[in-house]
Amino acid sequence: MTRSEADVLGGLHASRKWLPCRLFYDARGAALFEEICKLPEYYLTRNELALLEAELPSIARHVGPEACVIEPGSGAGKKTRMLLGALERPASYVPIDVSREQLEENARALRAEFPGLSVAPVHGDYMQPIAIPHTKARGRTLVFFPGSTIGNFEPDEAREFLARFGEIAGPGATLLLGADSNADGRALVAAYDDARGVTAAFDLNALAHVNRAYGADFDLDAFKHRAFWNPERSRIEMHLVSQRRQTVHVAGEAIAFERGEPIVTEHCYKHSPDALARILADAGFAVRRTMADPERRMHLWLAEQKPT
């Protein structure tokens, strides 16, 4: 049994069933997420893009020339292009993603758009131990992690993740982090359960991915997407709720569901600025600048590794 298969089965056998959120990002899931980012309810991408456009010139001056950019979860690369275009003679770019098709397509496009840039894609799950190729960049190493993806980690996991990528990037590394601090439950539920049902299709696609990858027989019509705001934990929770009593087979094992029983597919934490500052400090980063959109929902954090 592979580690990924063990993760899936372990989550489905748990008393509160869950699935790893990496299952969202096969080729169809990646395309659906790009569609989500364009929805009117999903303010996160729109606000972060505006914030990047306003702040990237000053961020680029801080980073300096000939940087190496490492991006876990690189996706379609719109924000990446903005960053690389703002930096002075960026030397290398290391995108990391689980969607091989999107990763390879984006790498080809970036090589054409930035002829002097060394692009070294890494296919894999950035939550697992991963080898970063050696680069010849003479400037700073910058870890770029936009999109409020840090909110998908449990707080302890967020600290561990940031600390690990700080170690990978090396001494003196810089971090540019995008994070959502919104606590308006109504706006958040609308963003994660849109009127067109794109987020529902994205959520259900995780089950289709399990069917293909692990020989499962999930009936997607027997599950319904649900998103709700948990104010006590400062997070949006996404669930797939069983619509009937049923048994599903995954990798040869039977998984029983009661009617109304959920599978947790994602927690999206909306850390307050103070809470995120503590997470960064615990991960070994000193905050240099915090930038917020006019509504003070989306924030950009520019931080540097503390000297050891």
Side-chain angles (χ1 to χ4, degrees), residues 1-12 17-39 42 44-45 71-80 94-110 121-130 145-149 151-153 161 192-194 196-227 236-242 248-253 255 262-268:
M1 182 183 295
T2 65
R3 181 170 181 172
S4 60
E5 187 175 273
D7 285 346
V8 169
L9 288 171
L12 291 172
K17 293 181 173 65
W18 60 274
L19 284 171
C21 60
R22 69 170 183 272
L23 293 170
F24 289 139
Y25 296 104
D26 60 359
R28 173 164 166 73
L32 284 168
F33 184 70
E34 291 307 310
E35 192 174 343
I36 287 169
C37 291
K38 299 171 186 174
L39 293 169
Y42 198 78
L44 290 84
T45 301
E71 185 176 7
S74 49
K78 182 172 183 178
K79 296 167 192 172
T80 308
V94 182
I96 306 165
D97 209 279
V98 294
S99 175
R100 187 185 294 275
E101 299 93 334
Q102 190 175 57
L103 183 71
E104 292 177 351
E105 180 182 341
N106 200 33
R108 284 194 297 270
L110 285 171
V122 176
H123 176 245
D125 178 4
Y126 58 72
M127 289 297 295
Q128 305 298 333
I130 201 158
F145 200 54
S148 204
T149 309
N152 294 348
F153 298 84
F161 167 82
Y192 287 83
D193 193 7
D194 62 277
R196 285 179 50 199
V198 182
T199 312
F202 175 72
D203 203 5
L204 286 162
N205 186 63
L207 300 185
H209 190 171
V210 175
N211 284 350
R212 290 192 304 275
Y214 304 102
D217 57 4
F218 277 103
D219 176 1
L220 273 61
D221 291 333
F223 289 84
K224 186 175 180 180
H225 168 71
R226 176 177 70 190
I236 277 279
E237 297 188 12
M238 295 209 329
H239 296 172
L240 290 170
V241 183
S242 179
V248 176
H249 299 89
V250 181
E253 298 190 19
I255 313 291
I263 307 171
V264 178
T265 51
E266 190 171 48
H267 288 163
C268 301

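Since this is a predicted model, take the numbers as computed values, not measurements. Heads up: numbering here begins at 1 and tracks the sequence.
With sequence neighbours excluded, the residues satisfying salt bridge (Lys or Arg N to Asp or Glu O under 4.0 Å) with E237 are R16, R235. N106 is linked by a side chain to side chain contact (heavy atoms under 4.5 Å, CB included) to R81, L110, counting only residues two or more places apart in sequence or in another chain. Applying the salt bridge (Lys or Arg N to Asp or Glu O under 4.0 Å) rule to D125 yields the partners R22; only residues at least two apart in sequence or on another chain are considered.
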Between I36 and T45, is the side chain to side chain contact (heavy atoms under 4.5 Å, CB included) condition met? List the steps. CA-CA 9 Å; I36 287 169; T45 301; over 6 Å; no

So V248 and L12, side chain to side chain contact (heavy atoms under 4.5 Å, CB included) or not? Walk me through it. CA-CA 10 Å; V248 176; L12 291 172; over 6 Å; no

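Aromatic ring orientation, F145 versus F161: tilted (interplanar angle from 30° to 60°). Aromatic ring orientation, Y192 versus Y42: perpendicular (interplanar angle above 60°, classes split at 30° and 60°).
No donor-acceptor pair under 3.5 Å is formed between the side chain of H267 and the backbone N or O of I236. Under a 3.5 Å cut-off, the side chain of S74 and the backbone N or O of D97 do not form any donor-acceptor pair. Under a 3.5 Å cut-off, the side chain of N205 and the backbone N or O of A208 do not form any donor-acceptor pair.
At most 12 non-hydrogen atoms from other residues, nucleotides or ligands lie less than 6.0 angstrom from CD of E105. Heavy atoms of other residues, nucleotides or ligands lying less than 6.0 angstrom from NZ of K17 number more than 12.
Electrostatic pairing of E35 and R196 counts as a salt bridge here, judged by a charged N lying under 4.0 Å from a carboxylate O.
Not less than 6.0 angstrom separates the ring centroid of F24 from the ring centroid of F33.
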